Amino acid sequence: MTYDRLAAASTSLAARLSGAGRVAVWATPTPETVVAVVAALRAGVPAVPLNPKTGTRELAHIVADSEPTVVLAGAGDVLPPVLDTLDRIDVDTAPDGEGGGAALPEPSPESPALIVYTSGTTGPPKGAILPRRAIAASLDALEDAWQWTGDDVLVHALPLFHVHGLILGVLGPLRRGGSVRHLGRFSTGGVARELSSGGTMLFGVPTMYHRLAEALDGSAPGAAELAKALAGARLLVSGSAALPVHDHERIAAATGRRVIERYGMTETLMNTGVRADGEPRPGTVGAPLRGVELRLVEEDGTVLTDPDAIGEIQVRGTNLFTGYLNRPDATAAALTEDGWFRTGDMATRDTDGYVRIVGRKATDLIKSGGYKIGAGEIENALLDHPGVHEAAVTGEPDPDLGERIVAWVVPADPASPPTKDELADHVAAQLSPHKRPRTVRYLDALPRNDLGKIMKRSLHA
Ligand code: MCA
Ligand code: AMP
């Protein structure tokens, strides 16, 4: 799709959206999603990107919470009944008429551009309100760090309903006037093909880099072509979760290229990153990006200065969200009085400012395949299954997914417990397929302390 065609398609759609409260976008990895989001941005109407694989319970929550009036989808998309009450507009990526498009008034920088749903430790996901200035600030800080220009051709296969794939992966190239090639779905062959035919940058989550590292193994078919393609790229960038040092080293050994890491969060967009002209250091996520203030803080609020000390990362800057939709309580809890956002990530800082993330404050948050998943939402879904009496959810290390979701289940009837597939399908249908347990362990009872609280740490023991 050319810029002219995107302008024409988004102008005609934007004209139909003006005055809508919020619009939901059925965010398939297609040009329709790009046109829908750009049209909403141009109309100044906040867009709520929906994961098309979201299950019934989670989708009902997001729709009730964000109250969109319209849903934008591709003409052939079959939408679930919970969206029946919304006006549906099918996105036309090639409307009749010339491009260019009338200039639409620029909404204020503080006005909300996107509402992106993100999991917490308990309860259903919260909608992070992302204003236009945060998106602009974060993308411009990446331009500075990565010397990102209109000549860049970004290759990726990230979902378009999260910050990584949508803001960095689509709005990033658009802000620079560059190009994006979305693979539709991730494959190592697709990455090799696009990087060897003009792609200059690759964005991915660590699971994707792990699969690339596996495919670079000398004996794997296509390994030599893949190595050449990766070696020829200007930048290989990993984010959304920690890139294991082992995968980093395997890729470096096979390609002579080092993957650079950046650290972000739905609520803060991008916080730190290794610069294009900087030193990629395995296990670190680089230094704070332009415009981002970052500090490490102890439990009692003391700000740490010692390079080896571990503290919670707090950030402040124009990259921050404005709050959680309908959740002033959660917004207040996430921010200090003077505007620092508490990330919940624990880190140390090297003397030159490079940040090393060493863990997370909350054990009830799981990062699997780069998706953040709350243990509580899965436990609630499992407890809804008639075969489940009690349930606890934890994350375990996984070489491919980073962490895999493990469900600890006390069956209602020990003689015929629900199968692993039954429970996985149930969670996939209620929440999302990426939230399904990959392992189920059956117990007679869950370990609890004197107050009745489940002792998750003793589960693994
Ligand atoms: C499997 N599937 C099912 C079931 N089991 N569907 C229904 N019921 C089931 N029981 C389907 C899945 O939907 C999927 O469909 C397919 O089977 C394979 O599923 P899965 O094994 O989970 O997928 P995968 O191939 O292993 O995916 C790995 C992945 C993916 C491609 C790396 O995890 C991914 O795209 N991760 C990116 C996450 C991300 O972008 N996070 C950014 C958020 P189908 O075959 O149709 O696909 S963090 C962020 O934004 C911050 C700001 C940051 O810092 O970046
Ligand atoms: P999300 O809420 O889905 O946007 O996920 C944000 C979280 O992903 C952060 O709080 C970190 O825990 C994690 N994360 C993102 N990028 C990185 C990275 N490069 N290294 C380690 N963790 C990361």
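Whatever order the structure lists them in is the order used to number ligands and atoms, beginning at 1. Numbering of residues begins at 1 and proceeds along the displayed sequence. Since the structure is predicted, the reported quantities are computational estimates derived from the model, not experimental observations.
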Are any of the N/O atoms in [X] less than 3.5 Å from those in ligand 1?
X: His164; answer: yes
X: His162; answer: no
X: Tyr263; answer: no

Using a 4.0 Å cutoff against the non-hydrogen atoms of [X], which atoms of ligand 1 qualify?
X: Thr266; value: 52 (C)
X: Asp425; value: 9 (C), 10 (N)
X: Val163; value: 50 (O), 52 (C)
X: Lys367; value: 48 (S)
X: Thr207; value: 32 (C)

Counting heavy atoms only, which of [options] comes nearest to [atom]?
atom: atom 37 (C) of ligand 1; options: Gly264, Ser238, Gly369, Gly370; value: Gly369
atom: atom 3 (C) of ligand 1; options: Pro433, Ala424, Gly239, Ser138; value: Pro433
atom: atom 31 (C) of ligand 1; options: Met265, Lys435, Met208; value: Met208
atom: atom 14 (N) of ligand 2; options: Ala242, Ser240, Ser119, Gly239; value: Ser240

For [Y], is there any backbone N or O sitting under 3.5 Å from a side-chain donor or acceptor partner on [X]?
X: Ser138; Y: Asn319; answer: no
X: Trp146; Y: Val274; answer: yes
X: Thr284; Y: Arg356; answer: no
X: Thr121; Y: Asp364; answer: no
X: His385; Y: Leu423; answer: no
X: Tyr354; Y: Glu279; answer: yes

Would you call Asp398 and Arg438 a salt bridge, using N to O less than 4.0 angstrom?
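Answer for the salt bridge query: no.
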
Is Asp140 paired with Arg290 through a side-chain N to carboxylate O contact shorter than 4.0 Å?
no

With a 4.0 Å cut-off on heavy atoms, does [X] reach ligand 1?
X: Arg211; result: yes
X: Glu261; result: no
X: Gly165; result: no
X: His210; result: no

Output yes when the distance from some N or O of ligand 2 to some N or O of [X] is under 3.5 Å, and no in every other case.
X: Thr343; result: no
X: Lys372; result: yes
X: Lys367; result: yes

Set of ring-ring contact (aromatic ring centres under 6.0 Å, His included) partners for His248, sequence neighbours left out:
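His248 satisfies ring-ring contact (aromatic ring centres under 6.0 Å, His included) with no residue once adjacent residues are dropped.
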
For Ile357, state whether at least one heavy atom is located under 4.0 Å from any atom of ligand 2.
yes

Closer than 4.0 Å: a protein non-hydrogen atom to atom 53 (C) of ligand 1:
yes

Heavy-atom protein contact below 4.0 Å for atom 13 (O) of ligand 1
yes

Could you tell me how the ring of His156 sits relative to the ring of His182: parallel (under 30°), tilted (30 to 60°) or perpendicular (over 60°)?
perpendicular

What protein heavy atom sits nearest [atom], and how far off is it?
atom: atom 8 (N) of ligand 1; result: Ala428 CB, 3.3 Å
atom: atom 17 (O) of ligand 1; result: Arg436 NH2, 5.0 Å
atom: atom 47 (O) of ligand 1; result: Lys53 NZ, 3.3 Å

